[in-house]
Amino acid sequence: MKTLKDANTKETVKVVKINGEGAVKRRIMDMGITKGTEVYIRKVAPLGDPIEVTVRGYELSIRKADAEMITVE
């Protein structure tokens with residue numbers, strides 16, 4: 001399975017699972033990224049961190065470390 005970090009720019013992916021535990025997982029879910037949500041990858045910074053995405057109608061920047069915890073299809 002690929003992660004959000006591996007997804008290409010201008011691609012829409014669907015969240016399958018959020019890995020991680022405790023506060024990190026809760027923070028990702030509080031940002032609106034939950035199982036079944038569609039995420040559009042808008043831009044990736046030159047060094048790959050952060051990644052700018054659109055989720056649930058708003059724009060969000062997410063760190064590469066957090067993006068690695070989100071399994072997508």
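In this chain, residues are counted from 1 in sequence order.
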Tell me, do Met69 and Ile33 make a side-chain contact under 4.5 Å, heavy atoms counted? no
*Is there side-chain contact between Leu4 and Ile51, with heavy atoms separated by less than 4.5 Å?*
no
Nearest heavy-atom contact between Asp49 and Lys64 is OD1-N, 2.8 Å
Looking only at heavy atoms, the pair that brings Arg42 and Thr9 closest together is O-CG2, 3.2 Å
| Common cluster, Val39/Leu60, ILVMFWY with side-chain heavy-atom separation under 4.5 Å | yes
So CD1 of Ile70 and OG1 of Thr3: to nearest 0.5 Å the spacing works out to 8.5 Å
**OP:** Evaluate side chain to side chain contact (heavy atoms under 4.5 Å, CB included) for Lys35 paired with Ile18, printing each intermediate quantity in order.
**Re:** CA-CA 7 Å; Lys35 184 177 176 182; Ile18 299 172; over 6 Å; no
Here the salt bridge (Lys or Arg N to Asp or Glu O under 4.0 Å) pairs for residues 8-23, sequence neighbours left out, are Lys2-Glu11
The reported gap from CD1 in Ile62 to NZ in Lys5 (rounded to nearest 0.5 angstrom) is 13.0 Å
When every non-hydrogen atom of Val72 is compared with those of Met1, the smallest separation belongs to O-CE, 4.3 Å
From the list Asp6, Ile41, Asn8, side-chain contact (heavy atoms from CB on, under 4.5 Å) with Val13 holds only for Ile41
Mind listing the side-chain donor-acceptor pairs of residues 22-32 below 3.5 Å, one per line with the distance, residues two or more places apart or on another chain?
{"residue": "Arg26", "atom": "NH1", "partner": "Asp30", "partner atom": "OD1", "Å": "3.3"}
{"residue": "Arg27", "atom": "NH1", "partner": "Asp66", "partner atom": "OD2", "Å": "3.1"}
{"residue": "Arg27", "atom": "NH2", "partner": "Asp66", "partner atom": "OD1", "Å": "3.4"}
{"residue": "Arg27", "atom": "NH2", "partner": "Asp66", "partner atom": "OD2", "Å": "3.3"}

